[in-house]
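These numbers were taken from a predicted model, which means no experiment stands behind them. Position 1 is the first residue of the sequence; numbering continues from there.
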Amino acid sequence: MEWLSASADNPAECRQVWADDPRRPCLLSTGRFFDVVSVEQRLWMEMFDRLRRSGMPFGPSLVDRKAQRVGFFLGSAAHETFTFYLDRETSSPPSFRYLGPGCAVVVPGITPLCDDRYQWLRPPTRRPEANPLRPVALATALVASAELLARIDRFDAQYATPYAAVAALPEETITDAG
């Protein structure tokens, strides 16, 4: 956590806080060592799964359970690349917050418990290396995940139950499974 605490306004104090109470969250500045893309929790679930399953590069991520938001860490100064690929994927990007220079993020302690407000979903193991593919993967996963969730929402609005979806099929496509 040496590199992570280095982004605190007072790195030595941050390290001491974690030495005294490894569960305690800290407020860290973004923009110097890392940036963070924050999304609502429902969108995160799909994004995280998509990134993991496809093997796309992504760094540490954290959840704020009370705010129901998730933050994905990027290398500092990734904003331009992230927004370029986001704009390339869609003309109406989903809702997100980009935390770069002048912003801050609350990060979990180094050993949070399962009921803590702040949790590491994918903990940092070392200072993230600058990876030009990470903002591309995150922008692509953000758009694809938001589009999938929008399709699911439209389906749910059209068919209140699974039976309603089946009832809407033409009779010749319905087969007797028994």
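To the nearest 0.5 Å, atoms CD (Glu147) and OG (Ser92) are separated by 8.0 Å. The CG atom of Leu149 sits 11.0 Å away from atom CZ of Arg154, with the distance rounded to the nearest 0.5 Å. Interatomic distance, CZ of Phe48 versus CZ of Arg53, reported as 12.0 Å (0.5 Å rounding). Annotation: the span from Ile152 atom CD1 to Glu46 atom CD amounts to 6.5 Å, rounded to 0.5 Å. One distance of note links CG of Asp20 with CZ of Arg15; it measures 13.0 Å at 0.5 Å rounding. The CZ atom of Arg50 sits 15.0 Å away from atom CE of Met45, with the distance rounded to the nearest 0.5 Å.
What you find for Ala104 and Leu27 is that their closest heavy atoms are CB-CD1, 3.6 Å. Here the closest heavy-atom approach between residue Gln119 and residue Pro112 is recorded as NE2-CB, 3.9 Å. Nearest approach of Ala137 to Leu51, heavy atoms of both residues: O-CD2, 3.7 Å. In terms of heavy atoms, Cys14 sits closest to Leu28 at SG-CD2, 4.1 Å. Between Val107 and Leu4, the closest heavy-atom pair is CG2-CD2, 4.5 Å. In plain terms, the two heavy atoms of Leu43 and Pro94 that are nearest each other are CD2-CB, 4.4 Å.
Other residues, nucleotides and ligands place no more than 12 heavy atoms under 6.0 Å from the CZ atom of Arg97. Counted within 6.0 Å of CZ on Arg117, heavy atoms from surrounding residues, nucleotides or ligands total more than 12; the atom is thus considered enclosed. The neighbour count for Asn10 CG, taken as heavy atoms of other residues, nucleotides or ligands under 6.0 Å away, is above 12. By the 6.0 Å contact criterion, CZ on Arg151 is open, its count of non-hydrogen atoms from other residues, nucleotides or ligands being 12 or less.
Neither Leu133 nor Leu142 shares a network with the other; the hydrophobic side chains, linked directly or stepwise wherever heavy atoms of I, L, V, M, F, W or Y lie under 4.5 Å apart, form separate groups for each. Val36 and Val136 sit in two unconnected hydrophobic clusters of ILVMFWY residues. Membership requires side-chain heavy atoms under 4.5 Å apart, directly or through other members. Side-chain heavy atoms closer than 4.5 Å link hydrophobic residues (I, L, V, M, F, W, Y) into clusters, and following such links, even through other members, never connects Val17 to Tyr118. Both Val143 and Leu148 are part of a single hydrophobic cluster, where members link through side-chain heavy atoms under 4.5 Å apart.
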Where do Cys26 and Val106 land on the side chain to side chain contact (heavy atoms under 4.5 Å, CB included) test, with the steps shown first?
CA-CA 5 Å; Cys26 284; Val106 176; over 6 Å; no
Kindly determine whether Met47 and Phe72 satisfy side chain to side chain contact (heavy atoms under 4.5 Å, CB included), including the steps that lead there.
CA-CA 10 Å; Met47 285 177 66; Phe72 290 92; 3.8 Å; yes
Ser95/Val39 under side chain to side chain contact (heavy atoms under 4.5 Å, CB included): CA gap, chis, key distance, verdict
CA-CA 7 Å; Ser95 178; Val39 299; over 6 Å; no
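Checked against a 6.0 Å centroid threshold, the rings of Phe82 and Phe96 count as neighbours. Between Phe73 and Phe58, the ring center distance fails the sub-6.0 Å criterion.
In this structure the side chain of Ser7 reaches within 4.5 angstrom of the side chain of Phe34, judged on heavy atoms. Between Trp44 and Leu121, the closest side-chain pair of non-hydrogen atoms falls below 4.5 Å. Counting only heavy atoms from C-beta outward, the side chains of Ser76 and Phe33 never approach each other to under 4.5 Å. You'll find the side chain of Met56 stays beyond 4.5 Å of the side chain of Arg134, heavy atoms only.
For the residue pair Gln68 and Asp64, no side-chain donor N or O sits within less than 3.5 Å of a side-chain acceptor on the partner. Side-chain polar atoms of Arg69 and Ser38 form a donor-acceptor pair below 3.5 angstrom. In this model, no donor atom of one side chain and acceptor atom of the other lie less than 3.5 Å apart for Ser61 and Arg122.
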